[in-house]
Every structure is written in C-alpha cells, then in structure tokens.
Asker: 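What follows is a single structure, and I will ask about it in a moment.
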Amino acid sequence: MSQTATVDHVVSAPDSGDGVDYIRAKSGIMSWLITIDHKRIGLMYLASVVLAFLVGGLFALAVRLELLTPDRTIMSAAGYNQAYTLHGAVMVFLFIIPSIPASLGNFLLPIMIGAKDVAFPKLNLLSLYVFWIGALITLSSLVIGGIDTGWTFYVPYSSRVSTTAVINVTLGAFIMGFSSILTGLNFIVTMHKLRAPGMSWYRMPLLCWALYATSLVQVVATPVLGITLVLLIFERAFSIGIFDPALGGDPVLYQHFFWFYSHPAVYIMILPGFGVISELIAVHSRRKVFGYKAIAFSSVAIALVGFLVWGHHMFVSGQSELAGTIFSFLTFLVAIPSGIKVFNWTSTLWRGSIKLDTPMLYALAFLILFTIGGLTGVFLGMLGVDLHLHDTYFVVAHFHYVMVGGTAVAFFGGLFHWWPKMTGKMYSEKVGALSAVLVFIGFNMTFFTQFFLGSRGMPRRYYNYLDQFQPLHAFSTVGSWVLGLGFAIGIGALLASLKNGKKAPANPWGGLSLEWQTASPPITENFKDTPTVTHGAYDYALAQGQKDHT
C-alpha cells in the first residue's frame with residue numbers, strides 16, 4: 001500500500017441512492033434478454049449456475065445412494081456410469097468454472113473498480129448466450145442416451161467404445177470454452193482501462209486480483225481444451241487416427257492435451273474463491289488484509305506455475321522417471337503461494353473483531369476444508385505414494401475438498417455476503433448460519449470418510465464393491481444427505497428473502513470497498529458520478545467512522 005493511501009482515508013464515493021436501481025430500471029423479459037448491464041448479466045449467470053448446481057447435486061445424491069449397498073441399490077451399472085459422468089461434467093463445466101467469475105465477478109468487478117460497466121458490454125452479453133448454447137447442448141445428452149465416459153472423456157473408450165452422447169457433451173464443453181475466453185478478455189481489459197481515479201492496482205480489492213489471474217489462465221489455457229475436444233470429436237466421427245493406436249495415434253497424447261488445460265482449470269475454479277475469501281475475512285473481522293501484496297502476487301504466481309504441473313495426473317501413464325520427478329517437484333512448488341494465502345488469512349483473523357455471521361462461517365469452513373484438501377494433495381504429489389492412491393477414493397476426497405470445500409463453499413459464502421447488495425434484501429441470519437453449519441458437518445461426513453476408503457484400496461468409479469467397505473460408504477452417503485440439506489436450506493433462505501426479507505442498507509457489513517459505497521441494489525450505472533478512491537479497500541484501522549463489531 002502506498003504511503004498516500006495509508007494517510008488519506010476519506011471515502012469520496014458519491015451518493016448514488018437517488019437513481020433507479022438496475023432491477024427496476026426496465027421491466028419485461030426482453031429487457032433482461034437484451035440487456036448489456038453487467039449486473040443483470042451477472043444475475044442471469046447466477047441463476048444459470050445455481051440451476052446447474054442443483055442438477056449436478058441431484059446426480060451426486062443418486063450416485064451416493066447407489067453406493068449405500070455393495071450391490072444394486074437404485075440403478076443399473078450403466079445408469080451409474082452415466083450418473084457420475086453427468087455429475088462431473090455438469091458440476092465442472094456448468095457450475096464450478098463459471099460460478100464465481102461469471103456471476104459474482106460480472107456483477108461486482110466493475111463496481112469494485114468504480115466503472116460503469118465492463119469494457120465490452122455487448123461481448124459480455126454474447127458470452128452469456130454462448131454459455132447457454134453450450135449448456136443446452138451438453139444437457140441434451142440427458143434425453144439422447146446420456147454419457148458414460150467420466151468427465152475427462154478419456155480415449156480410446158470415448159472415441160471407440162462408448163455408444164453414448166459423447167459428441168454432444170464434448171461439443172457443449174467446447175462451446176462453453178468460448179464463453180470463458182470472452183469473459184476473461186473482458187475482465188482483463190476492464191481492469192486495465194476502466195479503473196476509477198485513484199484506484200491503483202494496489203488499492204484494488206483482492207477479488208479483482210483473483211479475477212485478473214483467473215482471466216489470464218482462461219485466455220491462455222482454454223484454447224488447448226477446445227482443440228483437444230475438437231480432435232476427439234473428429235476422431236470419434238471420422239476415425240482419423242490422432243489418439244487411436246490402431247490407426248497410428250497415441251492415447252497418452254490426449255491425456256497431455258487434456259491435463260495441460262484441466263490442471264490450470266483447477267486454478268480457474270479455485271482462484272476466484274481465494275478472492276472471495278479475502279473479502280469475507282477482511283470485512284467480517286474488520287482487519288486490513290495481512291500481506292496484501294503477497295496475496296495479490298501469489299494469485300498470479302499460482303496462475304503461472306499451474307501451467308507446469310499437469311504431468312502429476314500422469315504418474316502411472318508410463319512417462320519417464322525424470323519427467324515424473326520434475327512434475328512432482330513443480331507440484332510441491334505450487335503449494336508455496338497457496339500456503340502464503342492460508343497463512344495471511346489466518347494472520348488477518350488474529351486480533352480481528354470477528355463477527356460469526358453467515359459469510360464468515362462459510363469463510364472459516366473454507367479455511368479448514370481447503371487446508372485439508374491442500375495437505376492431502378501433497379500425498380498425491382509424491383511419486384511413490386501416488387502409485388498406491390491413484391484412482392482410489394482418496395483422489396475423490398482430495399478433489400472434492402479443493403473444488404467443493406474450496407470453490408463451492410467460497411461461492412456460497414460470497415453469495416451470502418453480496419446478496420443484500422445484489423437484491424436489496426436481507427436474509428434470515430439464523431437460517432443462513434444453520435446452512436453453513438450443516439454444509440460443514442455434511443461435507444466432512446461425506447468426504448473425509450473417503451480418505452479412509454481410498455487408503456484402504458477402494459477404487460473410484462466402481463459400481464460394486466467388497467462388503468468390508470460398506471460401513472464407510474453408508475456413512476458417506478448419510479453425510480451427502482446432510483450436505484444436500486445444508487445447501488438446500490441456504491438456497492431456500494436466499495430465495496425466501498426476496499419475498500419476506502427486510503430492506504438491505506447500502507453497507508450492511510461496514511465494508512470499505514466501492515461496492516459498499518453505492519445503493520443496495522445499485523443504480524444502472526453503479527454510481528451517480530464517477531467515484532474517486534482515496535484509500536485501500538481494507539484500511540479499517542484508519543478509516544473514519546468505522547467501528548469494531550465488539
């Protein structure tokens with residue numbers, strides 16, 4: 001933080017409460033379908049990803065229910081393969097990747113930097129339609145035979161053996177990739193060109209830094225996945241021999257292509273979550289973020305190093321020992337910037353004025369769950385240990401601790417945090433807190449159990465299993481019911497607030513970043529006049545008129 005920023009702390013964002021808010025500005029469904037307001041587009045993304053979350057969640061509950069007993073419980077083996085494939089594909093491509101950047105990011109980024117909109121509003125609307133088209137093509141597989149390849153679409157099964165709708169799902173993922181690229185490009189240009197006067201890079205909220213790093217990965221890595229999926233479609237449709245060894249192709253080449261994108265994609269999924277957590281912890285503990293620059297630069301470092309670690313997914317693919325050793329070392333390297341974030345968040349909480357409301361409960365759950373996910377990744381990064389744990393439930397648990405315990409929990413924490421700003425309504429704090437507690441308990445019941453299953457040799461994706469695994473599988477399934485109930489109560493609390501919630505004040509949490517200086521909900525162009533930024537987003541100790549929670 002610059003010296004000037006730490007001395008002058010007068011908030012000079014102008015009053016914006018006398019304008020018409022973006023929800024009431026225009027009426028009728030067409031006003032939404034052709035809007036170029038980033039807030040309305042963000043809200044439509046939000047509805048889309050929450051709907052996808054519900055669809056993917058129902059598949060997850062069905063998979064866990066099937067695994068309640070060692071033999072058939074509710075579905076056939078073929079149905080089970082399709083259920084877990086669609087759960088993975090829907091959750092990854094329709095929910096986790098777009099959840100925070102496209103919904104919360106679209107709504108908040110321009111407001112946080114004091115802009116009226118993103119740099120290319122029409123391109124923003126186009127990205128939403130591209131996402132919808134890709135999502136509909138992916139979901140069309142539900143009515144034309146499903147898909148049973150797993151969300152990774154590994155060849156040669158996906159190219160030669162499977163008789164399901166592989167082309168539909170891969171084509172849908174390919175199209176949604178364009179949406180991701182367009183959104184990333186828009187965010188990068190917006191942050192470079194449209195920051196308000198005084199909004200230097202080191203005064204930007206850390207969510208903006210996280211979205212910037214995410215956008216870089218989206219723009220650079222997503223085309224690789226697009227090319228890979230197109231090659232797979234050609235391979236399946238025309239048998240041109242790219243991945244098929246019978247035709248001179250190489251199936252391992254597919255894995256290189258796929259993971260070169262998909263491991264950086266892990267950071268597309270989790271980096272925005274890091275940004276959300278930085279905001280929640282700072283605002284709800286009234287503390288300046290410890291090591292602001294370290295957190296900001298660690299986001300960029302994670303984005304860059306993330307391109308170098310794809311080979312740890314392929315320790316058992318026959319790659320050389322030297323390659324395996326190098327990828328193992330690089331995998332450990334990426335733990336450094338991740339560890340910096342956890343350390344700095346914890347240090348921010350130290351001696352903070354912590355208020356345990358719903359967003360903070362989700363943030364604390366994130367800290368615990370993501371730390372477990374990160375530490376268990378160390379096991380999988382070690383060559384010798386990975387040979388034992390590869391393709392077991394240990395991997396399933398690790399993945400879910402990072403993606404669900406990290407991204408999804410951060411998404412819901414952020415949703416509760418910014419819901420009053422987005423809708424102008426306050427939700428029931430008691431019900432919100434109940435949802436956070438149930439999510440934390442249910443999540444650990446479901447997935448911590450799976451570390452034991454995996455370490456004892458239970459393979460993932462298996463339809464039947466030995467009787468000795470049944471008690472742990474049953475406990476995990478009951479946990480999934482608690483987890484599902486927690487998310488359902490949370491979504492229900494937010495929806496109920498639209499009808500019964502109290503009117504939200506402009507700044508219910510006492511935040512200092514710009515989105516809290518405008519009305520709830522914001523007016524169409526966010527601020528009546530262009531704001532001037534004179535302090536950092538977390539300078540609580542020096543900001544005038546700010547009080548602790550206690």
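Below, each value reflects all heavy atoms present in this structure, side chains not excepted, and no hydrogens, waters or symmetry copies. What you see is a predicted model; the values in this text were computed from it and never measured.
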Asker: Kindly say whether Pro101 contributes a backbone atom to a donor-acceptor pair with the side chain of Tyr45 at under 3.5 angstrom?
Answerer: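 Side chain of Tyr45 to backbone of Pro101, a donor-acceptor pair under 3.5 Å: no, none is there.
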Asker: How long is the gap from OG on Ser179 to CZ on Phe131, to the nearest 0.5 Å?
Answerer: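 Those atoms lie 6.5 Å apart.
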Asker: So Leu483 and Met445, do their side chains get closer than 4.5 Å, heavy atoms only?
Answerer: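 Result no, sub-4.5 Å side-chain heavy-atom pair not found.
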Asker: Rounded to the nearest 0.5 Å, what separates atom NZ in Lys499 from atom NZ in Lys425?
Answerer: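 The NZ atom of Lys425 is 11.5 Å from NZ of Lys499, to the nearest 0.5 Å.
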Asker: So which atom in Ile100 and which in Thr407 form the shortest heavy-atom distance, rounded to 0.1 Å?
Answerer: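 In this case the closest contact between Ile100 and Thr407 is CD1-O, 4.0 Å.
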Asker: State whether the number of non-hydrogen atoms from other residues, nucleotides or ligands found under 6.0 Å of Phe120 atom CZ is greater than 12.
Answerer: no
Asker: side-chain contact (heavy atoms from CB on, under 4.5 Å) between Phe370 and Ile270: does it pass, once the steps are laid out?
Answerer: CA-CA 10 Å; Phe370 178 75; Ile270 192 64; 3.9 Å; yes
Asker: Which of parallel (below 30°), tilted (30 to 60°) and perpendicular (above 60°) describes Trp151 and Phe93?
Answerer: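 Perpendicular: the ring planes of Trp151 and Phe93 meet at over 60°.
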Asker: Test side-chain hydrogen bond (donor to acceptor under 3.5 Å, both in side chains) on His284 and Asp357; report intermediate values, then the result.
Answerer: CA-CA 8 Å; His284 295 273; Asp357 42 26; 3.0 Å; yes
Asker: Could you check Met360 against Leu280 for side-chain contact (heavy atoms from CB on, under 4.5 Å), going step by step and ending with a plain yes or no?
Answerer: CA-CA 6 Å; Met360 181 54 111; Leu280 302 192; 5.8 Å; no
Asker: Keeping Thr518 on the side-chain end and Asn526 on the backbone end, is there a donor-acceptor pair under 3.5 Å?
Answerer: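 Answer holds: yes.
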Asker: Tyr292 and Ser278: side-chain hydrogen bond (donor to acceptor under 3.5 Å, both in side chains), yes or no, with the steps?
Answerer: CA-CA 9 Å; Tyr292 171 95; Ser278 296; over 6 Å; no
Asker: Can you find a heavy atom in the side chain of Ser299 that is under 4.5 Å from one in the side chain of Lys341?
Answerer: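 A side-chain contact under 4.5 Å exists here.
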Asker: Could you tell me whether Trp350 and Phe290 have their ring centroids closer than 6.0 angstrom?
Answerer: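 That pair fails the under 6.0 Å test.
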Asker: With a 4.5 Å heavy-atom cut-off, do Phe448 and Leu369 have their side chains touching?
Answerer: no
Asker: What is the distance from atom CD1 of Ile41 to atom CG of Leu125, rounded to the nearest 0.5 Å?
Answerer: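 The CG atom of Leu125 is 5.0 Å from CD1 of Ile41, to the nearest 0.5 Å.
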Asker: Tell me whether the rings of Phe447 and Phe443 are parallel (<30°), tilted (30 to 60°) or perpendicular (>60°).
Answerer: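 Phe447 and Phe443: tilted rings.
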Asker: Any donor and acceptor pair, going by atom type alone, linking the side chain of Thr376 with main-chain N or O of Gly373 inside 3.5 Å?
Answerer: yes
Asker: Taking the side chain as every heavy atom from C-beta outward, state whether Asn344 and Val289 have any pair of such atoms under 4.5 Å apart.
Answerer: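 They are not in side-chain contact.
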Asker: For the residue pair Phe416 and Tyr362, does the interplanar ring angle fall in the parallel (under 30°), tilted (30 to 60°) or perpendicular (over 60°) class?
Answerer: parallel
Asker: So, the side chain of Asn106 versus the backbone of Ala102: is there a donor-acceptor pair under 3.5 Å, distance only?
Answerer: yes
Asker: Give a yes or no answer on whether the side chain of Ser513 reaches the backbone of Glu515 with a donor-acceptor pair at less than 3.5 Å.
Answerer: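 Pair absent, no side-chain N/O of Ser513 close to backbone of Glu515.
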Asker: Check whether Lys421 reaches the backbone of Ala519 with its side chain - one donor and one acceptor, N or O, closer than 3.5 Å.
Answerer: yes
Asker: To the closest 0.5 Å, what do you measure between NZ (Lys122) and CG (Asp117)?
Answerer: 12.0 Å
Asker: Measure the shortest side-chain to side-chain distance between Tyr129 and Leu33 over non-hydrogen atoms and say whether it is less than 4.5 angstrom.
Answerer: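 Side-chain contact under 4.5 Å: yes.
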Asker: Assess the residue pair Phe327 and Trp259 against the criterion (ring pair (Phe, Tyr, Trp, His ring centres under 6.0 Å)); give the C-alpha distance rounded to whole Å, side-chain angles, the decisive distance to 0.1 Å, and a yes or no.
Answerer: CA-CA 13 Å; Phe327 281 122; Trp259 287 115; over 10 Å; no
Asker: Mind checking the CD1-OG1 spacing from Ile23 to Thr524? Nearest 0.5 Å is all I need.
Answerer: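 Result: 10.5 Å between the selected atoms.
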Asker: Less than 4.5 Å apart, any side-chain heavy atom of Glu279 and any of Leu206?
Answerer: yes
Asker: Check whether more than 12 heavy atoms from other residues, nucleotides or ligands sit under 6.0 Å from atom CZ of Phe332, and answer yes or no.
Answerer: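 Yes, because the 6.0 Å sphere around CZ of Phe332 holds more than 12 heavy atoms from other groups.
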Asker: Are Phe274 and Phe366 side-chain neighbours, meaning at least one heavy-atom pair lies under 4.5 Å?
Answerer: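 Yes, close enough: below the 4.5 Å cut-off.
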Asker: Taking the inter-plane angle between the rings of Phe53 and Phe95 on a 0 to 90° scale, is it parallel (under 30°), tilted (30 to 60°) or perpendicular (over 60°)?
Answerer: tilted
Asker: Taking all atoms of both residues into account, what is the closest heavy-atom pair of Phe187 and Ser215, and its distance?
Answerer: CB-OG, 3.4 Å
Asker: How far apart are the C-alpha atoms of Val439 and Phe412, what are their side-chain angles, what is the distance that settles it, and do they pass the side-chain contact (heavy atoms from CB on, under 4.5 Å) test?
Answerer: CA-CA 10 Å; Val439 165; Phe412 277 93; over 6 Å; no
Asker: Do Tyr212 and His192 have a side chain donor and acceptor closer than 3.5 Å?
Answerer: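 On atom types as modelled, these side chains qualify, holding a pair under 3.5 Å.
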Asker: Can any side-chain N or O of Ser520 pair as donor or acceptor with the backbone N or O of Pro505 at less than 3.5 Å?
Answerer: yes
Asker: Side chains of Leu225 and Phe260, heavy atoms from C-beta outward: is any pair under 4.5 Å?
Answerer: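 The answer is no, as the side chains (C-beta and beyond) never meet within the 4.5 Å cut-off.
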Asker: If you round to the nearest 0.5 Å, how far is CD1 of Ile181 from OG of Ser127?
Answerer: 11.5 Å
Asker: Between the main-chain N or O of Ile354 and the side-chain N or O of Arg286, is there a donor-acceptor pair closer than 3.5 Å?
Answerer: no
Asker: Look at the side chain of Thr190 and the backbone N and O of Val118, then say whether any donor-acceptor pair between them is shorter than 3.5 Å.
Answerer: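 Not a single qualifying donor-acceptor pair exists.
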Asker: Is there a donor-acceptor pair closer than 3.5 Å between any side-chain N or O of Trp209 and the backbone N or O of Trp201?
Answerer: yes
Asker: Please indicate whether Phe307 has more than 12 foreign heavy atoms, meaning atoms of other residues, nucleotides or ligands, lying under 6.0 Å from its CZ.
Answerer: yes
